[in-house]
Amino acid sequence: MTEQHRAAEEPAPSAGDQNGARDTPRVTEDTVEALVRSQLSKALGGKRGMVEAAVPTLTFTLGYVITSELGQSITAAVVVALLLGAIRLVQRSSPQYVITSLFGIGIAALFAMRSGNAADAFLPGIIYNAVYAVVLSITVLVRWPAIGLMIGPFIGDKEDFTSWRSNPAVVTLASRLTWLLVLPCVIRVLVQYPLWLADRYEWADTFALLGLSKVAMGWPLQVAAFAGMVWVLARGRTPLDRGQGSTQNEEEGREPAGDRTRPEPP
């Protein structure tokens with residue numbers, strides 16, 4: 001039998017099936033993976049955004065190690081960030097991540113200039129990671145994982161983005177992915193806070209290690225967390241479509257085919 005004969009014998013999809021396929025987005029592990037990749041890329045600004053965030057920090061750290069001048073080191077970091085922003089504007093691309101970097105430098109400078117201790121420039125980042133880890137952990141513990149809120153609009157009822165919570169498997173997956181976001185924040189705090197304490201109270205000169213750890217534990221840890229997400233998604237054990245199918249059957253007032261009970265023969 002030729003392919004044309006097979007195609008002719010196969011029933012054509014009904015208009016209702018076609019409309020349902022258009023109305024309900026198909027959520028698979030690949031689409032969730034793409035969604036996580038997209039959100040992470042937006043958060044980090046891609047490879048270029050990650051470099052633009054790291055260079056001012058490196059400039060500040062090296063400047064203070066070489067000169068021991070807090071004001072000059074902060075000025076050098078700001079000048080570098082402005083230069084990166086100017087390059088963005090010349091290329092007519094968004095300076096969003098450079099502006100974010102400048103905002104971070106400004107807060108760090110306030111902390112450092114207020115105390116006169118250069119190590120305090122890294123304190124806002126430590127506080128941010130600690131708070132971020134606590135907030136994300138709470139979302140998991142109360143069964144509203146942050147990743148679930150991100151992918152919710154793509155699962156189940158489009159008008160009710162919380163419908164994903166009716167599927168325990170989806171909640172479990174979102175919780176695991178959220179824990180992978182918590183892990184880098186916890187690692188940063190566990191490493192950088194002791195280094196900050198040692199320098200702040202002059203137990204040891206750990207300023208250079210503190211600056212290098214901030215860069216090394218920035219986007220590399222985020223990329224590692226993303227790799228862990230890809231591994232979790234690639235395991236192929238998350239029935240995202242199954243929960244969506246059950247929702248459709250309930251809305252149509254029909255039981256799933258596998259759950260229908262057949263009458264006993266007389």
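All of these numbers come straight from a predicted model, not from anything done at the bench.
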- Query: Got a second to check how far L181's CG is from F226's CZ, nearest 0.5 Å?
  - Reply: 11.0 Å
- Query: So, the side chain of T61 versus the backbone of A208: is there a donor-acceptor pair under 3.5 Å, distance only?
  - Reply: no
- Message: Grouping I, L, V, M, F, W and Y whenever their side-chain heavy atoms are under 4.5 Å apart, do Y64 and L209 come out in a common cluster?
- Response: yes
- Query: Are L195 and L221 linked, directly or through other ILVMFWY residues, by side chains that come within less than 4.5 angstrom of each other?
  - Reply: yes
- Closest non-hydrogen contact found for A77 with I105 is O-CD1, 3.9 Å
- Message: As an exercise, state the distance from CZ of R88 to CG of L82, rounded to the nearest 0.5 Å.
- Response: 14.5 Å
- Message: Quick check on the hydrophobic clustering: are I127 and I187 connected, directly or via other members, by side-chain heavy-atom contacts under 4.5 Å?
- Response: yes
- Item | pair Y128-V189: side-chain heavy atoms closer than 4.5 Å | no
- Between I107 and F111, does a side chain to side chain contact (heavy atoms under 4.5 Å, CB included) hold up when you go through it step by step? CA-CA 7 Å; I107 295 178; F111 273 71; 3.9 Å; yes
- With a 4.5 Å limit on heavy-atom distance, are the side chains of D120 and R114 in contact? no
- Query: Under 4.5 Å between any side-chain heavy atoms of S175 and R143, yes or no?
  - Reply: yes
- Message: Is the shortest side-chain heavy-atom distance between L210 and Q192 below 4.5 Å?
- Response: yes
- Query: Hey, does N129 have a side-chain heavy atom less than 4.5 Å from the side chain of V186?
  - Reply: no
- Message: Quick check against the 3.5 Å criterion: does R165 have a side-chain atom that pairs as donor or acceptor with the backbone of V171?
- Response: no
- Task: Check whether any side-chain heavy atom of T67 sits under 4.5 Å from a side-chain heavy atom of S73, and report yes or no.
- Result: yes
- Query: Any side-chain heavy-atom pair from P184 and M217 closer than 4.5 angstrom?
  - Reply: no
- Message: I'd like to check L136 versus Y132 (side-chain heavy atoms, cut-off strictly below 4.5 Å). Are they in contact?
- Response: yes
- Task: Supply the atom-to-atom distance L197 CG to W203 CH2, rounded to the nearest 0.5 angstrom.
- Result: 5.0 Å
- Item | E202 CD: over 12 foreign heavy atoms closer than 6.0 Å | no
- Query: Which pair of heavy atoms, one from P56 and one from A81, lies closest together, and at what distance?
  - Reply: CG-CB, 4.1 Å
- Task: Give a yes or no answer on whether the side chain of T178 reaches the backbone of I147 with a donor-acceptor pair at less than 3.5 Å.
- Result: yes
- Under 4.5 Å between side-chain heavy atoms, hopping through other hydrophobics if needed: is there a path connecting W196 to V65? yes
- Task: Start with the C-alpha gap between I87 and V98, add the side-chain angles, then the distance that decides, and say whether side chain to side chain contact (heavy atoms under 4.5 Å, CB included) holds.
- Result: CA-CA 10 Å; I87 294 175; V98 177; over 6 Å; no
- Query: Below 6.0 angstrom between ring centroids: does that apply to F122 and F207?
  - Reply: yes
- Message: Between F60 and L102, is there shared hydrophobic-cluster membership here, with clusters defined by ILVMFWY side-chain heavy atoms closer than 4.5 Å?
- Response: yes
- Task: To the nearest 0.5 angstrom, please state how far the CG atom of L190 sits from the CZ atom of R188.
- Result: 12.0 Å
- Could you grab the distance from atom OG of S115 to atom CG of L110, nearest 0.5 Å is fine? 11.0 Å
- Message: For V134 and V182: C-alpha separation, side-chain torsions, deciding distance, then whether side chain to side chain contact (heavy atoms under 4.5 Å, CB included) applies.
- Response: CA-CA 8 Å; V134 170; V182 172; over 6 Å; no
